[in-house]
Amino acid sequence: MQKMKRLTAEIIEAAAEKLFGEGLLSADEIFGMLEYPPDSTMGDIALPCFKLSRVLRKAPPVIATALAGEISSPLFAEVTALGGYLNLKVNRAAFVKRVTDDVKAGGDSYGSPMVGVGKTVVLDYSSPNVAKPFHIGHLGTTVIGHSLKLLHEFAGYKCVGINYLGDWGTQFGKLICAYKLWGRKEEIERGGIDELVKLYVRINNEIKAEEDASLIGKPEGTKPTSPLADKSRAEFRLLEDGNEENLAIWRWFVSVSLAEYEKTYKLLGISFDSYKGESFYTDKMPAQVEKLRNMGLLEIDDGASIVSLDKWNMPPCLILKRDGTTLYPTRDIAAAVYRKGEYNFDKAIYVTSAGQSLHFAQWFKVVELMGYEWFDELVHVPYGTVSINGSKLATRTGNVILLRDLIDEAIKRVYEITKEKHPDDDECRTISEKVGVGAVIFYYLSNNRIRDINFIMEDALSFDGNTGPYAQYTYARACSVLVRAGDFGIADYEGYECNEVEFELAKALSVFPERVNAALDEYEPSVITRYILELCAAFNRFYHECKILTAEDERVKKIRLSLCDAVKQVLGTALHLICIDSPEKI
Ligand code: ARG
């Protein structure tokens with residue numbers, strides 16, 4: 001439709017020039033004024049002429065009437081003036097033909113704005129904290145991040161997906177301490193990350209118990225103490241100082257965790273270009289701290305080194321703790337500098353929960369103050385929280401639902417629902433996997449990312465709601481029509497009178513490029529999810545109301561098949577952009 005709008009703007013520009021003289025209005029200006037009337041009986045595109053009356057020094061109805069009299073193009077079936085509006089009704093058959101031709105010519109690139117050619121984007125997403133559970137809270141960063149990667153790739157950008165593993169920090173002191181006290185090698189080898197999480201939960205509980213005990217009988221305001229916490233800090237210090245034993249345990253914990261994450265990524269069809277985690281930047285931080293100090297940006301506050309951000313109404317950014325150890329923002333600054341050098345990105349995107357928005361705003365500002373001129377290429381993309389059936393998650397207390405368990409559950413349920421229909425069990429398992437994973441992702445990406453989500457499995461899996469299974473089923477339906485049709489050759493539109501259902505379907509196909517642009521501009525994969533539902537609705541209506549394989553004559557049949565073909569192409573691309581597979585059979 002964007003293209004139609006563009007052509008319309010050019011035609012109006014030419015007419016206006018003839019009527020009112022040269023150089024008064026550009027096609028771009030007119031393009032910006034064009035609207036889609038809410039009621040299509042008024043036309044498909046409208047120009048509100050009151051926006052022109054100042055430039056042209058004429059009353060809007062006069063302008064509208066003059067333009068309506070001047071414009072004659074095969075693109076339009078009717079051009080009328082109503083009040084101050086110029087209403088244009090698109091020639092249906094010409095439009096449907098143009099859209100199906102465009103989709104065919106574009107193929108897998110149909111809808112791509114190609115704005116990223118020659119540019120690089122790095123995307124930092126998923127990035128779980130090693131040895132802590134990979135739970136459904138990570139669904140957001142993982143699928144929003146990956147979808148943004150796919151969208152940017154689609155737009156021609158060179159993309160680098162980075163999993164910035166949380167593989168460093170005081171939690172490793174705790175874990176190493178817990179392992180040395182209570183851990184068993186064979187158990188971790190057998191149980192993997194689950195055993196690490198158990199150790200982590202246990203030491204946190206015991207530290208808490210020691211701290212509580214230390215406060216008994218003490219005056220209010222006393223700082224709690226815990227020998228286990230001291231021990232954990234000592235273990236972390238050893239690790240930071242390069243102690244071989246601790247390093248070996250740490251490396252092992254990282255690899256055990258990674259093996260587990262990779263199973264989930266594989267199910268989701270996700271892979272990363274880099275796994276450089278937080279630990280990688282340890283030796284890259286001192287140079288940045290030095291630079292901050294030399295620039296006079298560091299202040300000492302209660303022993304810690306900070307960058308004051310008062311002027312920007314933000315709390316200070318913490319660079320070094322009292323004991324000289326570095327912090328999360330310091331690491332992010334060092335990582336950004338490294339990535340700029342390594343990839344020379346045009347944009348660096350970070351996808352995390354909205355809870356980290358302040359952290360990003362702070363260190364982005366520090367990067368700016370440090371004089372890095374690429375500070376404005378850093379983009380934080382936040383998202384809301386996830387709960388399941390209304391209950392919130394808490395990592396420490398054990399009310400944790402692992403992402404893998406959620407996906408496995410979805411796959412299992414799809415398998416139960418579909419197994420009767422499938423004589424071939426292997427095929428059924430493969431399809432269940434695609435539909436189960438698709439259901440979870442689609443449900444998650446249905447709302448604006450910033451909204452909090454309550455995950456309800458039944459709703460996600462419903463075949464007749466606005467769900468992933470419904471979208472995949474619609475795709476398979478289009479495929480099945482095309483398989484039954486075989487090679488149908490080229491459709492001939494000459495003199496064909498399209499009906500409104502066909503026209504509405506073509507319109508839905510034609511807005512895809514606009515939606516891709518909006519999704520990219522807003523960093524919002526849900527724009528694509530909602531578009532998929534719009535396209536599915538238009539196609540299903542067409543499927544039920546227009547005979548395709550049994551159409552009244554060969555010509556109509558071919559025209560309708562060409563629409564099916566275009567739906568298959570666009571729906572397949574759109575599903576791909578939100579990380580969903582599109583099996584041809586369900
Ligand atoms: N590991 C962090 C967490 O789970 C997310 C990291 C986000 N990326 C970044 N560059 N800070 O909360």
Side-chain angles (χ1 to χ4, degrees), residues 121-146 148-149 159-172 174-175 193 196-197 200 204 250 253-254 257-258 260-261 264-265 270 272-282 284-285 288 317-319 326-343 345 347-367 372 374-375 377-386 393-396 400-404 449 523:
V121 176
V122 304
L123 300 103
D124 174 318
Y125 63 102
S126 200
S127 312
N129 292 330
V130 169
K132 290 191 192 167
F134 192 26
H135 57 76
I136 60 156
H138 293 104
L139 185 59
T141 170
T142 307
V143 300
I144 294 169
H146 198 62
L148 291 178
K149 183 178 181 211
C159 293
V160 186
I162 300 178
N163 196 325
Y164 181 64
L165 282 179
D167 61 358
W168 202 250
T170 47
Q171 82 262 30
F172 286 97
K174 288 186 185 169
L175 256 179
I193 198 167
L196 296 181
V197 171
Y200 187 66
N204 274 315
W250 166 76
F253 287 172
V254 173
S257 305
L258 208 59
E260 186 61 40
Y261 302 149
T264 307
Y265 293 139
I270 291 177
F272 291 90
D273 304 296
S274 161
Y275 271 102
K276 287 197 170 77
E278 295 191 28
S279 65
F280 178 78
Y281 298 98
T282 304
K284 299 179 178 50
M285 285 183 282
Q288 300 311 316
C317 184
L318 300 173
I319 301 295
T326 51
L327 286 149
Y328 190 43
T330 326
R331 226 169 266 283
D332 257 324
I333 294 167
V337 173
Y338 172 84
R339 289 172 190 171
K340 184 68 192 179
E342 185 75 3
Y343 305 111
F345 56 73
K347 203 154 60 167
I349 296 172
Y350 298 83
V351 187
T352 77
S353 71
Q356 297 194 28
S357 293
L358 178 62
H359 160 74
F360 281 93
Q362 287 175 308
W363 76 259
F364 285 2
K365 186 47 97 186
V366 173
V367 166
Y372 289 116
W374 41 268
F375 71 92
E377 293 163 6
L378 305 171
V379 184
H380 178 229
V381 178
Y383 61 86
T385 60
V386 188
L393 301 155
T395 321
R396 287 196 182 194
V400 170
I401 295 178
L402 297 181
L403 187 50
R404 199 191 65 219
R449 58 181 156 73
Y523 301 98

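Whatever order the structure lists ligands and atoms in, that order sets their numbers, starting from 1.
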Heavy-atom contact check, 4.0 Å cutoff: does Arg331 meet ligand 1? no
Provide the number and element of each atom of ligand 1 under 4.0 Å from a heavy atom of Gln356. 3 (C), 12 (O)
Once rounded to the nearest 0.5 Å, what's the spacing between atom OG of Ser127 and atom OH of Tyr350? 10.0 Å
List every atom of ligand 1 that sits less than 4.0 Å from any heavy atom of Phe360, numbering the atoms from 1 in the order shown and giving each element. 9 (C), 11 (N)
Assess, by modelled atom type and distance only, whether the side chains of Ser126 and Tyr261 contain a donor and an acceptor separated by less than 3.5 Å. no
Give yes if a backbone or side-chain nitrogen or oxygen of His359 is under 3.5 Å from a nitrogen or oxygen of ligand 1, and no if not. no
Note the single closest protein heavy atom to atom 8 (N) of ligand 1, along with its residue, its atom name and the distance in Å. Asp124 OD1, 3.1 Å
Nearest-neighbour protein heavy atom for atom 10 (N) of ligand 1, which is reported as residue plus atom name and distance: Asp332 OD1, 2.7 Å
Would you please test Phe345 and Trp374 for ring pair (Phe, Tyr, Trp, His ring centres under 6.0 Å) and show each step? CA-CA 9 Å; Phe345 56 73; Trp374 41 268; 5.8 Å; yes
Side-chain contact, heavy-atom cut-off 4.5 Å: Val121 with Leu148? no
Atom 6 (C) of ligand 1: nearest protein contact (heavy atom, Å): Tyr328 OH, 3.3 Å
For ligand 1 and Ser127, I'd like to know whether there is a polar contact (N/O to N/O, distance under 3.5 Å). yes
Does a side chain donor of either Tyr281 or Gln288 reach within less than 3.5 Å of an acceptor in the other side chain? no
Are any of the side-chain heavy atoms of Lys347 and Val379 separated by less than 4.5 Å? yes
Can you sort out which atoms of ligand 1 are near Tyr350, meaning under 4.0 Å from one of its heavy atoms? 10 (N)
Using a 4.0 Å cut-off to any heavy atom of Thr352, which atoms of ligand 1 qualify? 7 (C)
Chi angles and distances behind the ring pair (Phe, Tyr, Trp, His ring centres under 6.0 Å) call for Phe280, Tyr164: CA-CA 9 Å; Phe280 178 78; Tyr164 181 64; 9.9 Å; no
